[in-house]
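Below is one structure, written out as structure tokens; comments come after it.
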Amino acid sequence: MTLDAGLPTVAVMVGGKAFDRGKDYAFSVLRHELEHARHFEMMIDKLAEWRRDAAKGGTKLTAEQARAGFDRWVTKSKSIDKVQQALLLGEQTQNHASTELLAYVEGFVSVFHLGPQVPSISLMLTGDFPAAIHQLWKAGEKGYGAPDAVRKAALARIKDYRDNFLSERERGAFRAWVTFLIDLGTQKPPQEQTDEASATRLAHARLSPKPVLDFLKQL
Ligand SMILES: [Zn+2]
């Protein structure tokens, strides 16, 4: 984002591919992108807030001075909480773990209850996970390295969804899916040349990396 000139604006674009994999998938992608947009809006608000403060000083800043001034303000302003700070610093360093973790979690909680409630490898034979499971896997993968405050917020969001939104039956399904995914990630997959065995190998390859397993085990 630039520090002078007009404040940036936010647009959400969802590619045509998002609509090829069913309504749940499209909805999860849209909610995911809206969460990124929410983060950008927060950043723009904070930029405007800093500018108002900086303008009080009265001196004209160069682009570098403005960048440094804003970055300093981000690390010490009392109006910025730890999650916002992680998002702002992530944007500054082009490390997207925080915004991706929160966006994938938002994608997950928007569709899990709409998707298949009984876990089975037969739901993965196309090489795609069900929409919610895709978002959950990616939260573990792309969210790796996000600071503690963001991880805590992401886990709290899932816990709130599970405890306050899901029915008892859906909570059971949630538990069953998490166990199923951890098993896929930890058990050695079969080597036969059947569709089911190759889907199991693909799932294992996606779910066995430590960051993904560690994330799933926290749920
Ligand atoms: Zn994203």
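Sequential numbering from 1 along the given sequence is applied to the chain's residues. Atoms within a ligand are numbered from 1 in the order they appear, just like the ligands themselves.
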All side chain to side chain donor-acceptor pair (under 3.5 Å) counterparts of [X], not counting sequence neighbours:
{"X": "Arg201", "answer": "none"}
{"X": "His204", "answer": "none"}
{"X": "Arg206", "answer": "none"}

Practice task
Indicate yes or no: does Asp148 engage Lys152 in a salt bridge with an N to O separation below 4.0 Å.
Solution key: no
message: Ring centroids only, cut at 6.0 angstrom: are Trp177 and Phe180 within range, meaning strictly under it?
response: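 Yes.
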Query raised in the report: Looking at His113 versus Tyr161, is the centre-to-centre ring distance below 6.0 Å?
Result: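 Centroid separation for His113 and Tyr161: below 6.0 Å.
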Sorted by chain and number, protein N/O/S atoms nearer to the Zn ion (ligand 1) than 2.8 Å are His32 NE2, His36 NE2, Glu100 OE1, Glu100 OE2
